[in-house]
Asker: 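Questions regarding the structure given below will be posed in turn.
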Amino acid sequence: MKTQKSIPTTKVERSAKFVKTGIQIGGNYIKHYSKKLFNPQMDREQLNEDNATDIYKSLSELKGSALKIAQMLSMDKNILPKSYVDKFTQSQYNAPPLSGPLIVRTFTKNFGKTPENIFDSFNLSSSNAASIGQVHQAMLNGKKLAVKIQYPGVGDSISSDLKLVKPFAFRLLGMSERELNIYIKEVEERLLEETDYELEIKRSIEFSEACKNLNHVVFPKYYPELSGKRIITMDWIDGLHLKEFLQTNPSQELRNKIGQALWDFYNFQQHELRAVHADPHPGNFMITPDENLGVIDFGCIKEMPDDFYYPFFSLISTDVINDKNKTIDAFRKLDMIHADDSPEQIEFYHKSYGEMISLFAKPYTSKSFDFSKPDFFEQLYAYGEKISKMPEFKQARGVKHFIYVNRTNFGLYTILHELKATVKTDTFKPHIR
């Protein structure tokens, strides 16, 4: 893959990139409607393909929060045209890496020394390049290490980037202004945490220690003394990403084993730690040669306060959903039903959200679940598409915690679906008062 020799870091440079992309998209629309004059039956497939290509190219060169948005959207398969999903999925595994000299300058600026002054060897060619930083392989005292280096300017540009990406997100997501503002604000808070590598080191050590007794889940050792505000050093974990793993045609038994490890990893955190690894895209996991699930990134953590955890999980793990009054009370606590809603609106949202949660909670309501069956996902996507077109859902509803908790669970479901795994879903249950 061609390396990137520079990265726009100032607000002016990054703004110019967005403006240029906006002009390209405008040109794509002109081309589309010009062709449509001569062929009225032409659909938007080529337009979507052109726009997705231009937007992804721009975001991948900007890195940081701009590319992270693409990564998040690629996981929400029911809200974007297929062309965007296909293109944005690239950000889950790889983006154009920065060149060696730029990495050395970044390393020296943040660490005070070149990589060669610290490690016995350091590969200037990145092994993986994603949204916030890229990973290089190094050796020290005979140990193979992974060194994650944050892209220059990423932490300083989050707020301004999100303002610039807002018009693209507004068009793609179809949200109301208020709803989009809530979404952007929550994303901004998590991204600011993700660019704080000192916080990530602390959390990585805490979470890997807390989860160390889970079956078939492994973590790298982290080295705070070789890390800093923009650099993280950890053990190198050999293995295959999900896409590569599936190409080896693994047995159903192995698919189930990895799927069970993934389910247990997430539900142990949700219910025992009340904080969860909220970035469940496949690039954050490796399947190791000894058939374990390696977790290699703890940058995005979502904590669940009591006033969210109890009403939310009471709805999906108890019989509360079968009691109308208790359900409406939980919906009020979660801001899904508002204080000024009319009786007709209360009835509508009780019915609509009840159907949605009953569908979403299916894996939680039985002792095991077969994620290979497409009908469950077809129903989920169909319901999501249905409500996205209903005027009643154009106004923002639900507390902000839904953004990352829903993303986490849907991301988990999606990976399990790709694995075609059957898992025991009663291993770690919600603790409901």
Side-chain angles (χ1 to χ4, degrees), residues 75 77 89 92-93 127-128 135 144 146 204 207-222 234-273 275-301 316-317 360-377 380 405 407-430:
M75 295 162 61
K77 293 181 172 61
T89 296
Q92 294 182 359
Y93 297 97
S127 304
N128 182 270
V135 177
K144 191 169 15 172
S204 299
F207 272 72
S208 53
E209 180 65 23
C211 299
K212 67 181 181 181
N213 293 323
L214 292 172
N215 292 330
H216 309 301
V217 185
V218 296
F219 309 94
K221 180 181 177 182
Y222 292 85
M234 68 190 92
D235 283 341
W236 183 273
I237 290 188
D238 284 311
L240 301 174
H241 285 302
L242 180 67
K243 199 174 181 180
E244 300 164 325
F245 171 69
L246 293 175
Q247 288 171 351
T248 68
N249 194 28
S251 67
Q252 187 61 51
E253 181 183 9
L254 180 52
R255 289 169 183 265
N256 292 349
K257 178 181 175 181
I258 298 300
Q260 189 66 56
L262 194 68
W263 178 269
D264 290 347
F265 171 67
Y266 273 100
N267 280 281
F268 172 80
Q269 291 172 82
Q270 287 193 132
H271 307 310
E272 302 302 323
L273 306 181
V276 66
H277 176 288
D279 199 5
H281 75 77
N284 284 337
F285 304 100
M286 306 289 286
I287 291 83
T288 66
D290 52 354
E291 300 181 352
N292 287 317
L293 177 74
V295 184
I296 57 175
D297 189 302
F298 277 100
C300 184
I301 299 294
I316 70 172
S317 62
F360 170 83
K362 279 187 176 181
Y364 284 90
T365 55
S366 57
K367 291 187 175 182
S368 68
F369 195 81
D370 182 356
F371 284 92
S372 70
K373 294 180 179 177
D375 56 333
F376 171 64
F377 292 89
L380 273 179
V405 173
R407 177 189 175 218
T408 297
N409 281 281
F410 279 120
L412 171 62
Y413 287 5
T414 299
I415 297 178
L416 291 170
H417 181 49
E418 290 181 34
L419 277 167
K420 293 181 166 48
T422 298
V423 302
K424 295 177 182 176
T425 52
D426 63 349
T427 47
F428 293 100
K429 294 183 176 181

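Hydrogens, waters and symmetry mates are skipped; everything else that's a heavy atom, side chains included, is used.
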Asker: Just how far is it from atom NE2 of His216 to atom CG of Asp290, taken to the nearest 0.5 Å?
Answerer: 10.5 Å
Asker: Please lay out, stage by stage, how Phe245 and Ile258 fare under the test side chain to side chain contact (heavy atoms under 4.5 Å, CB included).
Answerer: CA-CA 11 Å; Phe245 171 69; Ile258 298 300; 4.3 Å; yes
Asker: So, Thr425 side chain and Ser366 main chain: donor-acceptor pair closer than 3.5 Å or not?
Answerer: yes
Asker: Applying side chain to side chain contact (heavy atoms under 4.5 Å, CB included), run through Leu293 and Phe285 and close with a yes or a no.
Answerer: CA-CA 7 Å; Leu293 177 74; Phe285 304 100; 4.0 Å; yes
Asker: Flag the pair Met234 / Lys221 as yes when at least one side-chain heavy-atom distance between them is below 4.5 Å, and no otherwise.
Answerer: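 Counting from C-beta outward, Met234 and Lys221 never come under 4.5 Å.
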Asker: Report the relative orientation of the aromatic rings in Tyr364 and His271; use parallel for angles under 30°, tilted for 30 to 60°, perpendicular for over 60°.
Answerer: perpendicular
Asker: Looking at every heavy atom in both Cys211 and Leu273, which two are closest together, and how far apart are they?
Answerer: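 It is SG-CD1, 4.3 Å.
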Asker: Just verifying a value: how many Å separate Trp236 CH2 and Ser127 OG, rounded to the nearest 0.5 Å?
Answerer: 3.5 Å
Asker: Please verify the inter-ring angle class for Phe298 with Phe219; under 30° counts as parallel, over 60° as perpendicular, anything in between as tilted.
Answerer: tilted
Asker: Would you call the rings of Tyr413 and Phe371 parallel, tilted or perpendicular if under 30° counts as parallel and over 60° as perpendicular?
Answerer: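 Plane angle between 30° and 60°, so tilted.
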Asker: Could you go step by step and tell me if Val217 and Asp264 meet the side chain to side chain contact (heavy atoms under 4.5 Å, CB included) rule?
Answerer: CA-CA 9 Å; Val217 185; Asp264 290 347; 5.8 Å; no
Asker: Could you walk me through whether Phe360 and Phe410 pass the ring pair (Phe, Tyr, Trp, His ring centres under 6.0 Å) test, one step at a time?
Answerer: CA-CA 9 Å; Phe360 170 83; Phe410 279 120; 5.4 Å; yes
Asker: Does the side chain of Gln260 pick up a donor-acceptor pair with the side chain of Asn256 at under 3.5 Å?
Answerer: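 Side chains of Gln260 and Asn256: no pair found under 3.5 Å.
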Asker: Rounded to the nearest 0.5 Å, what's the gap from CD on Gln270 to CG on Asn409? Could you check?
Answerer: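 Atom-to-atom, Gln270:CD and Asn409:CG are 4.5 Å apart.
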Asker: Can you give me the closest heavy-atom contact between Pro220 and Val295, atom names plus distance?
Answerer: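 That would be CD-O, 3.2 Å.
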Asker: With heavy-atom distances below 4.5 Å as the criterion, would you say the side chains of Asn215 and Lys257 are in contact?
Answerer: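 With C-beta onward as the side chain, the pair stays apart.
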Asker: Is the distance between the ring centroids of His277 and Phe265 under 6.0 Å?
Answerer: yes
Asker: Decide yes or no for Tyr266 and Leu416: does some side-chain heavy atom of the first lie under 4.5 Å from some side-chain heavy atom of the second?
Answerer: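 They are not in contact (no side-chain heavy atoms under 4.5 Å apart), so the answer is no.
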Asker: Starting at CG of Leu242, measure out to CG of Leu262 and round the result to the nearest 0.5 Å.
Answerer: 9.0 Å
Asker: For the side chain of Asp279 and the backbone of Gly299, is there at least one donor-acceptor N/O pair under 3.5 Å apart?
Answerer: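 Between the backbone of Gly299 and the side chain of Asp279 there is no qualifying donor-acceptor contact (under 3.5 Å).
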Asker: If you define the side chain from C-beta out and look only at heavy atoms, does anything of Asn267 sit under 4.5 Å from Lys429?
Answerer: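 Side-chain contact under 4.5 Å: no.
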Asker: Just wondering, do Pro282 and Lys243 contact through their side chains at under 4.5 Å, heavy atoms?
Answerer: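 Contact flag for Lys243/Pro282 side chains = no.
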Asker: Supply the atom-to-atom distance His241 NE2 to Gln247 CD, rounded to the nearest 0.5 angstrom.
Answerer: 12.0 Å
Asker: Indicate the atoms forming the closest heavy-atom contact of Pro280 with Arg407, along with that distance.
Answerer: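 Of all heavy-atom pairs spanning Pro280 and Arg407, the closest is CG-O, 3.8 Å.
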Asker: Can you find a heavy atom in the side chain of Asp370 that is under 4.5 Å from one in the side chain of Phe376?
Answerer: no
Asker: Measure across Pro289 and Gly239 and return the closest heavy-atom pair with its distance rounded to 0.1 Å.
Answerer: CD-CA, 4.2 Å
Asker: Pair Leu246, Arg255 - check side chain to side chain contact (heavy atoms under 4.5 Å, CB included), show working.
Answerer: CA-CA 9 Å; Leu246 293 175; Arg255 289 169 183 265; 3.5 Å; yes
Asker: Just how far is it from atom CD1 of Ile287 to atom CG of Leu419, taken to the nearest 0.5 Å?
Answerer: 6.5 Å
